[in-house]
Amino acid sequence: MGILGASGYGGAELIRLLKGHPEVELVGFSSRKHVGKPLEAAWPQLWDERPFAPQEEILERAEVVFLALPNGLSMEIAPLALREGKRVVDLSGDFRLPPEVYEAWYGIPHRSPELYEEAVYGLPELHREEVRGARLVANPGCYVTAATLALAPLAAAGVLKGGFLVGLSGVSGAGREGEGTFFAEVNENLKPYRVGGTHRHIPEMEANLGRVLAQGRWPRTHGPRAELRLSFTPHLVPMTRGILVTAEAEVEGHWDQARLEGLYLEFYQGEPFVRLLSDLPQTKATYASNRVDLRPLYEARTGRVLVFAALDNLVKGMAGQAVQNLNLMLGLPEDLALPKEGLWP
């Protein structure tokens with residue numbers, strides 16, 4: 001295994017998880033900023049005697065390459081790796097959306113549009129069998145994972161008509177060089193951002209749930225999708241890790257709490273990293289774990305369906321999910337080397 005972009009938060013989590021994986025060897029990690037420097041120059045919490053290697057060395061030695069790179073770079077490197085017979089897990093947004101949709105929302109020309117049709121969307125709870133045989137996996141991000149898993153059972157039942165979602169994110173979700181994330185600006189502060197339907201993850205949420213609406217429980221990445229409109233408002237909160245999404249779903253039919261819980265229990269039965277709660281989720285409970293905690297709630301007074309979802313944005317929302325996809329690609333137990341328990345306090 002090799003990691004490109006190992007000086008970002010996702011890259012650091014990949015190193016931590018892969019170094020504890022009993023069935024794979026981490027052959028190296030690269031960073032243009034830190035090439036030749038010891039690992040502790042970027043990550044004092046990690047211990048490895050090897051320095052950051054040149055990108056070319058990682059591409060040559062690794063059989064599977066994780067691309068923990070900024071948007072726009074993976075589309076250039078993935079073709080090189082695939083031509084050399086490597087398998088790729090991309091943590092950026094480069095292969096999650098059709099090229100024309102990607103260009104419209106990310107503002108970047110897509111330089112490898114032909115690879116989109118090969119890329120498998122790497123949300124195991126929906127695309128497990130596709131991931132098993134994939135050469136190129138588009139690993140979802142944190143907000144999208146939480147939102148999709150919150151509403152997928154309703155979509156699979158054919159009753160989801162739309163929804164209003166509010167997302168709260170820890171500061172690490174903005175990346176290591178995220179603008180506006182200095183301590184003096186985020187401490188004792190809470191702020192919305194990219195409001196009014198402008199967040200680039202909205203079309204991904206709509207595509208995921210639209211595929212489930214059209215295809216049912218196990219949709220194909222490139223299969224048909226139904227039209228669906230979601231409203232999403234993200235907020236930055238003064239904590240290091242964590243995503244909490246509150247989804248208010250517009251649904252058809254008559255519901256009550258027992259029916260709603262039965263739907264979610266059946267949909268997620270046997271899923272190793274989805275926990276259905278009788279209480280409300282909280283981000284601290286998922287800290288450093290690959291788990292998502294869900295709570296569907298029928299609001300009898302208004303007749304609305306609310307779903308709450310919490311996860312660690314750097315693990316299940318990023319690096320942990322990438323390792324989950326790796327396990328599937330290699331035919332290993334899906335939960336191997338992935339923590340289900342969080343850290344507390």
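Just so it is clear, the values below take in all heavy atoms, side chains as well, and ignore hydrogens, waters and symmetry mates. Nothing here was measured: the structure is a model prediction, and the numbers come from that model.
- For the pair L73 and L4, the minimum side-chain heavy-atom distance is 4.5 Å or more.
- Geometrically, R176 engages W43 in a cation-pi contact, judged by NZ or CZ lying under 6.0 Å from the ring centre and within 45° of the ring axis.
- Between the side chain of D94 and the backbone N or O of S74 there is at least one donor-acceptor pair closer than 3.5 Å.
- Side chain of K86 to main chain of E60: a donor-acceptor pair is present (N/O by atom type, distance under 3.5 Å, no hydrogens or angles).
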Trace of the side chain to side chain contact (heavy atoms under 4.5 Å, CB included) decision for V212 with L126: CA-CA 8 Å; V212 179; L126 297 181; 3.9 Å; yes
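- The 12-atom threshold is exceeded at CZ of R259, counting heavy atoms of other residues, nucleotides or ligands nearer than 6.0 Å.
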Test side chain to side chain contact (heavy atoms under 4.5 Å, CB included) applied to R194 and H201, step by step: CA-CA 10 Å; R194 293 182 184 172; H201 288 161; over 6 Å; no
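- Taking OG1 of T145 as the reference point, atom CE of M205 lies at 9.5 Å (rounded to 0.5 Å).
- Annotation: Q269, atom CD; neighbour count of heavy atoms from other residues, nucleotides and ligands within 6.0 Å does not exceed 12.
- For the pairing with R135, the salt bridge (charged side-chain N to carboxylate O under 4.0 Å, His left out) check across E63, E118, E84 returns one residue only, E118.
- A donor-acceptor contact shorter than 3.5 Å links the side chain of R291 to the backbone of A285.
- In this structure the side chain of L263 reaches within 4.5 angstrom of the side chain of W255, judged on heavy atoms.
- Side chains of L39 and I15 form a contact here, defined as non-hydrogen atoms less than 4.5 Å apart.
- Sorted by first and then second residue, the pairs that involve residues 319-336 and meet salt bridge (charged side-chain N to carboxylate O under 4.0 Å, His left out), not counting sequence neighbours, are R128-E334, D335-K340.
- Across every non-hydrogen atom of L17 and P339, the tightest pair is CD2-CD, 4.1 Å.
- Residues Y143 and F232 bring their aromatic ring centres within 6.0 Å.
- Residue A156 comes nearest to G216 through the heavy atom pair CB-C, 4.4 Å, listed as atom of the first residue, atom of the second, then distance.
- A donor-acceptor pair under 3.5 Å links the side-chain atoms of E130 to the main chain of T221, judged by distance alone.
- L338 and Y287 are assigned to two separate hydrophobic clusters, defined by single-linkage of ILVMFWY side chains at heavy-atom distances under 4.5 Å.
- Counting heavy atoms from C-beta outward, N313 and R241 have side chains that approach closer than 4.5 Å.
- Note that the SG atom of C142 and the NZ atom of K316 stand 12.5 Å from one another [nearest 0.5 Å].
- The pair E261-R295 meets the salt-bridge criterion, since a charged nitrogen lies less than 4.0 angstrom from a carboxylate oxygen.
- The distance from the CD atom of E76 to the CZ atom of R111 is 4.0 Å, given to the nearest 0.5 Å.
- Considering only heavy atoms from C-beta on, L330 comes within 4.5 Å of R87 through its side chain.
- Sparse packing is recorded around CD of E266, with 12 or fewer heavy atoms of other residues, nucleotides or ligands lying under 6.0 Å away.
- Two residues are said to be in side-chain contact when any heavy atoms from C-beta on lie closer than 4.5 Å; V307 and Y264 meet this criterion.
- No continuous path of ILVMFWY side-chain contacts below 4.5 Å connects L97 to V120, so the two sit in separate hydrophobic clusters.
- A249 approaches L160 most closely through the heavy-atom pair CB-CD1, 4.0 Å.
- Of all heavy-atom pairs spanning T283 and I243, the tightest one is CG2-O, 3.6 Å.
- For the pair Q321/L123, a side-chain contact is recorded, criterion being any heavy-atom separation below 4.5 Å from C-beta on.
- Ring pair F95/H110: centre-to-centre distance below 6.0 Å.
- Ion pairing between a basic and an acidic side chain is recognised when a charged N comes within 4.0 Å of a carboxylate O; E250 and R229 show no such pairing.
- Heavy atoms from other residues, nucleotides or ligands lying under 6.0 Å from CD of E188 number 12 at most.
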Step-by-step side chain to side chain contact (heavy atoms under 4.5 Å, CB included) determination, N71 to R200: CA-CA 12 Å; N71 298 311; R200 61 180 52 162; 3.2 Å; yes
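- Separation of atoms CD (E252) and CG (L154) is listed at 11.0 Å; rounding is to 0.5 Å.
- Closest approach of V88 and M329 over heavy atoms only: O-CE, 4.2 Å.
- Aromatic ring orientation, Y102 versus Y106: parallel (interplanar angle below 30°, classes split at 30° and 60°).
- Proximity of a side-chain donor or acceptor of S31 to a complementary backbone N or O of H34 within less than 3.5 Å is detected.
- Judged by distance alone, the side chain of N139 and the main-chain N or O of V89 form no donor-acceptor pair under 3.5 Å.
- Proximity of a side-chain donor or acceptor of N187 to a complementary backbone N or O of F183 within less than 3.5 Å is not detected.
- Under the 4.5 Å side-chain heavy-atom criterion for ILVMFWY residues, no single connected hydrophobic cluster contains both L236 and V166.
- Residues F267 and L151 share a single hydrophobic cluster, defined by chaining ILVMFWY side chains whose heavy atoms lie under 4.5 Å apart.
- Under a cut-off of 6.0 angstrom, the local environment of CH2 in W47 is sparse, with at most 12 non-hydrogen atoms contributed by other residues, nucleotides or ligands.
- Between E271 and R217, at least one side-chain nitrogen of the basic residue sits less than 4.0 Å from a carboxylate oxygen of the acidic one, meeting the salt-bridge criterion.
- Other residues, nucleotides and ligands place more than 12 heavy atoms under 6.0 Å from the NZ atom of K191.
- Distance check, rounded to the nearest 0.5 Å: CG of L80 to CD of Q55 gives 8.0 Å.
- Checking side-chain atoms of Y268 against main-chain N and O of E125 turns up no donor-acceptor pair under 3.5 Å.
- Looking only at side-chain heavy atoms (C-beta outward), H21 and L26 stay at 4.5 Å or farther from each other.
- Here the closest non-hydrogen pair linking A288 and D312 is N-OD2, 2.6 Å.
- When atom types are taken as modelled, the side chain of H222 and the backbone of A119 share a donor-acceptor pair closer than 3.5 angstrom.
- Taken to the nearest 0.5 Å, the CH2 atom of W218 stands 9.5 Å off from the NE2 atom of H127.
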Criterion side chain to side chain contact (heavy atoms under 4.5 Å, CB included) on S92 and L69, from CA distance to verdict: CA-CA 6 Å; S92 81; L69 299 167; 5.5 Å; no
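- In this structure, R211 is positioned above the aromatic face of Y121, its NZ or CZ under 6.0 Å from the six-membered ring centre and within 45° of the axis.
- Hydrophobic clustering (side-chain heavy atoms under 4.5 Å, transitive across Ile, Leu, Val, Met, Phe, Trp, Tyr) keeps V237 apart from V315.
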